[in-house]
Engineer: 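Before I ask anything, let me first share the structure, which is written out below as structure tokens.
One-based numbering, in listed order, for ligands and for the atoms of each.
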Amino acid sequence: MSTGGRPRILLMHPILDPGPAILAEAAEVVAYPVNQPLDEASIRRAAEGCIGIVSQLMDPIRETVLSTPGLKIVSNVAVGFDNIDVPAATSHKVMVTNTPGVLDDATADFAFTLIMATARRIVEADSFTRQGKFRGWAIDMMLGADVHGATLGLIGVGRIGRGVAHRAKGFNMRVLYYDPHPLPPDAEQELGAARVDMGRLLAESDFVSVHVPLTQETHHLLSTPQFGQMKRTAILINTSRGPVVDEAALVEALNAKKIAGAGLDVYEREPAVHPGLIPMPNVVLAPHIASATVSTRSEMSAMAARNMATAVRGGRPPNLLNPEVKR
Ligand code: GLV
């Protein structure tokens with residue numbers, strides 16, 4: 001598919017330098033005119049005549065889009081790819097790529113930021129101070145929870161979960177993890193992390209931090225029964241994907257004081273946030289920015305552009321999620 005001999009690719013949303021230059025060297029880039037989440041039918045219309053789509057996590061890329069004639073690759077500028085129906089892509093012989101690795105540290109940093117912010121009530125304290133309510137030191141003012149020495153429960157110890165465990169070591173935390181795939185013994189030892197079942201993790205952790213991809217198996221992994229198993233003093237941290245947590249059940253658990261707080265970067269129906277969370281001072285809310293540092297987002301843009309450029313030139317992109325399409 002081309003105009004004037006050059007293959008065309010659809011850039012759904014702007015990306016950071018050096019991504020645009022890498023794309024422009026490989027193909028004619030058609031930028032989608034509106035930088036906003038779109039429905040499948042609009043993406044399909046825009047993708048007609050394109051060999052590739054550079055998508056982002058809010059773009060639904062499913063059967064309607066993947067059946068576009070001539071489409072060869074979808075390059076997602078994210079590590080998560082639950083917005084793409086990969087089996088459908090495979091059946092249409094469309095390659096799918098993501099951006100793993102480059103955002104692990106920034107995301108682990110941010111999970112820790114949420115741990116600190118919720119435990120030490122930093123958002124609440126900032127707003128208290130700005131409102132002129134600080135009228136003198138008081139021994140019982142804004143008491144929070146200790147992070148050092150506390151128990152951290154990691155649900156999922158892929159690259160990002162391991163990064164959080166690594167940071168927890170510096171805070172002298174006890175680290176438990178739940179993951180169907182055990183870490184190699186030397187990694188467990190190096191991180192000081194012990195594998196436990198979900199029930200024990202929930203029952204013993206002061207902070208429960210989620211680091212799993214969104215799949216059918218992980219949808220609503222944390223819901224009413226799980227919140228009921230957590231300590232009343234526990235804090236939930238989610239930097240993975242919103243639907244891993246049943247948001248209505250979380251609001252109910254927070255209202256019923258079954259758990260003490262939450263630090264959230266992701267939501268079940270982004271960009272909507274459950275209205276019940278908004279007035280809660282014990283909940284820290286961020287707009288899906290865990291990987292949002294200048295260098296990380298630039299790296300993600302470059303990686304996605306390189307994946308696309310390689311495929312456009314007929315090669316096998318480095319971060320191919322469905323290698324069966326390109327043997
Ligand atoms: C961000 O959420 C990502 O998946 O990269």
Engineer: Answer yes or no: is there an ion pair linking Glu40 with Arg44, defined by an N-O contact shorter than 4.0 Å?
Structural biologist: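 The answer is no: the pair does not qualify as a salt bridge.
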Engineer: Looking only at distances, please establish whether an N/O atom of ligand 1 is found under 3.5 Å from an N/O atom of His288.
Structural biologist: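 For ligand 1, there is an N or O atom that lies under 3.5 Å from one belonging to His288.
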Engineer: Geometry only, no angles: is Arg241 polar-contacting ligand 1 at N/O separations under 3.5 Å?
Structural biologist: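 Indeed, backbone or side chain, Arg241 has an N or O that close.
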Engineer: Find all atoms of ligand 1 within a distance of less than 4.0 Å from any non-hydrogen atom belonging to Leu103, and give their numbers and elements.
Structural biologist: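 It comes down to these atoms of ligand 1: 5 (O).
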Engineer: Does CZ belonging to Arg62 count more than 12 external heavy atoms closer than 6.0 Å?
Structural biologist: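 Counting neighbours around CZ of Arg62, more than 12 heavy atoms of other residues, nucleotides or ligands fall under 6.0 Å, so yes.
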Engineer: Only heavy atoms of Met300, strictly under 4.0 Å: list the atoms of ligand 1 that pass.
Structural biologist: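 Selected atoms, number and element: 5 (O).
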Engineer: Just wondering, do Lys258 and Met230 contact through their side chains at under 4.5 Å, heavy atoms?
Structural biologist: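 When only atoms from C-beta onward are counted, Lys258 and Met230 do not touch, as no gap falls below 4.5 Å.
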Engineer: Is it true that, when you exclude His219 itself, more than 12 heavy atoms of the residues, nucleotides or ligands shown sit nearer than 6.0 Å to its NE2?
Structural biologist: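 Yes, because the 6.0 Å sphere around NE2 of His219 holds more than 12 heavy atoms from other groups.
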Engineer: Check whether the side chains of Glu247 and His220 place a donor and an acceptor atom closer than 3.5 Å, and report yes or no.
Structural biologist: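 No, no side-chain donor-acceptor contact under 3.5 Å.
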Engineer: Can you pull out the closest protein heavy atom to atom 5 (O) of ligand 1? Residue, atom name and distance to 0.1 Å, please.
Structural biologist: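 Ranked first by proximity to atom 5 (O) of ligand 1 is Val79 N, 2.8 Å.
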Engineer: Which atoms from ligand 1 have a heavy atom of Gly80 less than 4.0 Å away?
Structural biologist: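 Under 4.0 Å from Gly80, ligand 1 has these atoms: 3 (C), 4 (O).
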Engineer: Which atoms of ligand 1 have any heavy atom of Ala78 under 4.0 Å away?
Structural biologist: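 Matching atoms, with element in brackets: 3 (C), 4 (O), 5 (O).
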Engineer: Is it the case that ligand 1 has an N or O less than 3.5 angstrom from some N or O of Leu57?
Structural biologist: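 It does not: no N or O of Leu57 is found under 3.5 Å from an N or O of ligand 1.
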Engineer: Please report the interatomic distance CE(Met12) to CD1(Ile53), rounded to the nearest 0.5 Å.
Structural biologist: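 Spacing of CE (Met12) from CD1 (Ile53) equals 7.0 Å.
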